[in-house]
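Just so it is clear: chains get the letters A, B, ... in the order the sequence lines come, proteins before strands, and each one is counted from 1.
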Protein chains: 2
Amino acid sequence: MKKTYSEENYLKAIYHLSKMESKVSPKAIADALENNPASVIDMLKKLQDKLLITYDKFNGAFLTSSGELAALDIIRKHRLWEVFLVEKLNYGWDEVHDIAEQLEHIHDDQLAKKLDDYLGNPAVDPHGDPIPSSNGKMPVYATTLLSDISVGQSCKVGSVRDTSAPFLKYLKQLGLGLGATIYVIEKQEFDHSMVITINDGEQKTVSHKMTAHILVIPG
Amino acid sequence: MKKTYSEENYLKAIYHLSKMESKVSPKAIADALENNPASVIDMLKKLQDKLLITYDKFNGAFLTSSGELAALDIIRKHRLWEVFLVEKLNYGWDEVHDIAEQLEHIHDDQLAKKLDDYLGNPAVDPHGDPIPSSNGKMPVYATTLLSDISVGQSCKVGSVRDTSAPFLKYLKQLGLGLGATIYVIEKQEFDHSMVITINDGEQKTVSHKMTAHILVIPG
DNA sequence: CGGTATTATTAGGTATGTCTAATTATATTA
DNA sequence: TAATATAATTAGACATACCTAATAATACCG
C-alpha cells in the first residue's frame, strides 16, 4: 500500500527514535519532526489504522513488521541517494541530507535497485551509516565493543546490545546516539571504567557494564 | 519565492499548452492535469495573485516572465533527470516520464547545475526534446522547414514560425503538436502541398503555407 | 437568430496534515 | 503525598488542493 510523504517521514522518525530511546513518545516524535505533539497523535492513529505501528501511551510507538519494512525502504533510498550526491555530483557530505530527504520519497519499483547497482552496491552512506538491503535488513557493521577500544582511539556508536529501558535512557542522557563519535581518553585498570568525550563534548566517565554493551565502528 | 509541487505542475502545463494552442483555457489545463476545471480556476487565481500568470476568460492563461522562468526551470530539471535515468540507470526511454515527474520537483540551488555537468551538459532529453538553459532559455534546435523535407522522410515537429490563433488552431486540429512525428508521403509539384501522416495516423494533405511555417527535426 | 452544447464560474464540501488552546493524565520532587 | 511540571489528548480551526453540483456565460449550428 502506497504511503504519503508525511507517513513515510513518521515511519522513518519512529525507526530512528526506537534505536535511541526506550519509549517512542509523541513528544519525542514531535521534536524529531519539528512539529506539534497534537499533530503527531493524529498521525499515530492513522498509522495504527494502517497497521504500520502500534501505539499506546504507556509503551509509546512501535513499528509493526510492515512498518519497519517501509521505514527501512525509505532509509535505504535516503542513503543510496546520499552516496549518489557525494560520489557522482561532488556534493560535500554535509550538504546532502536535505536533498536526500526529498529524494527518498521518489516512488518507483525499480529505482532503488538500479541506483544501488549503478553506485556499485555501496555498504554505507557518506556518513558511514549502513545501507539497508533491498529485503529490509539493516546490516550491522559494528562488531567491536567500546570496551575494546584503546586509549587515544576514536570510534562511532554502531549499535547496542541491550534494549532495556534503563540502559537506553542512560545512553540518551549521555548523548550516546547511533553514530555518535567517542574518543577514549582514559581507562581504569581497576574496574575498566572509561573516560570518554562524546561528539567532542565534555569528559564523561562510563562503567565497564556500559562499554561492554555498546558496539562501535573503530576509526 | 518557493512554489508548491502543484503550482509547479500548473506552470509546466500552461507552458506546454501555450506552445500548442492559441488559448490556454481552464478546460485544456484540466484535461492536461487530469483534474477538474473548477480546481483549475482556483489555482489560476492563486497563480495570478503570485504574479506567475495572467488570466482572463477571453484570452486564457499566459505565463508572466517569472512564471515562464519557473516553468522552464521545472522542464530543465525534468529533462536532465530523464537523461540521468536513461543514460546512467539504464531505464528505457519510455519508462522515465513518471519518475522524472517526481524528480523535477526536488529543490536545491545547486542540483540542476551539478546534474547537468555530471551528464556532460546534454542538449536534448532521451525523447529529443531540448533542455532549457540554466538562465531560462529554451533552445531551438529545429531549423529545417517541413516544406524542405523530402518524400519518404520522416521528422519531428520542433517549433512553429507563427503563433497566430488560426494557425495554432489548425495545427491542433491536425494533431500537429510539438514533437509529433511526420512522415512525408507525397509532394505536389504544382502548389507544393504535401500528403503526410502524423504519428502514424491517417493521411492528410497540408498546404505549402502550412509546411513553410513548421520547423522540424529531420530523421 | 435562437436553441443546444460546451465552458467558465461559484458555492459548498472533503481529505490531508498542520496548528493553538484547553483539558486530562502522568511524572517529578519537595 | 501534595504541589508542580511535563506530557498526552481532545476540540476546533486553518491552508492546500482537490471534488460535485448548480448556475452563468459563451460558442456552435441549423
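Summarising the geometry, atom OG1 belonging to A:T4 is positioned 5.0 Å from atom CE belonging to A:M43; distances are rounded to the nearest 0.5 Å.
The listed nucleotides are D:dT16, C:dG17, C:dT9; the one nearest the side chain of A:T4 is C:dG17.
Between B:K27 atom NZ and C:dT9 atom P there is a gap of 14 Å when expressed in whole angstrom units. If you take CD of B:Q48 and C1' of C:dT9, they are 14 Å apart, rounded to a whole angstrom. Atom CG in A:L47 sits roughly 13 Å away from atom C1' in C:dT16 (whole-Å rounding). At whole-Å resolution of the value, NZ in A:K3 and P in C:dG17 are 13 Å apart. To the nearest angstrom, C1' of C:dG17 lies 15 Å from CG of A:L11. The interatomic distance linking B:L44 (CG) with C:dT10 (P) rounds to 11 Å, in whole Å. Across the protein-nucleic acid pair, B:I41 atom CD1 and D:dT23 atom C1' stand 14 Å apart, rounded to whole Å. The CG-C1' distance, from B:D56 to C:dT9, rounds to 14 Å in whole Å.
Taking the side chain as every heavy atom from C-beta outward, B:L89 and B:V96 never approach each other to under 4.5 Å.
Remark: DNA chain C forms stems of 3 or more consecutive Watson-Crick or G-U wobble pairs, all pair distances under 3.5 Å, at C:1-30 with D:1-30.
Salt bridge B:D31/B:K27: present, at least one basic N to carboxylate O contact under 4.0 Å. A salt bridge is absent between B:K46 and B:D42: the closest approach of a Lys/Arg side-chain nitrogen to an acidic carboxylate oxygen does not fall below 4.0 angstrom. Remark: A:K77 engages A:D73 in a salt bridge, criterion side-chain N to carboxylate O under 4.0 Å.
At the phosphate of C:dT10, OP1 or OP2 sits under 4.0 Å from a side-chain N or O atom of B:K45. Side-chain N/O atoms of B:K57 include one lying less than 4.0 angstrom from OP1 or OP2 on D:dT26.
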Sub-3.5 Å pairs of nitrogen or oxygen atoms, protein against nucleotides 18-21 of chain C:
from   : atom 1 : to    : atom 2 : distance (Å)
C:dT18 : OP1    : A:S6  : OG     : 3.3
C:dT18 : OP2    : A:Y10 : OH     : 3.2
C:dT18 : O4     : A:D42 : OD2    : 3.4
C:dC19 : OP2    : A:N36 : N      : 3.1
C:dC19 : OP2    : A:S39 : OG     : 2.7
C:dT20 : OP2    : A:N36 : ND2    : 3.1

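Between A:F84 and B:W81, the two ring planes are tilted [angle within 30° to 60°].
Take the nearest nucleotide of DNA chain C for A:K46 and for A:F58: the residue whose nucleotide is more 5' is A:K46.
Using a 4.0 Å heavy-atom criterion, one finds that B:Y5 contacts no nucleic acid atom at all.
Between the side chain of A:R76 and the backbone N or O of A:G136 there is no donor-acceptor pair closer than 3.5 Å.
Every side-chain contact (heavy atoms from CB on, under 4.5 Å) that B:S193 has, sequence neighbours left out, goes to B:Q188, B:D191, B:T205.
Contact detail for A:I198 and A:G175: the closest heavy-atom pair is CG2-O, 3.4 Å.
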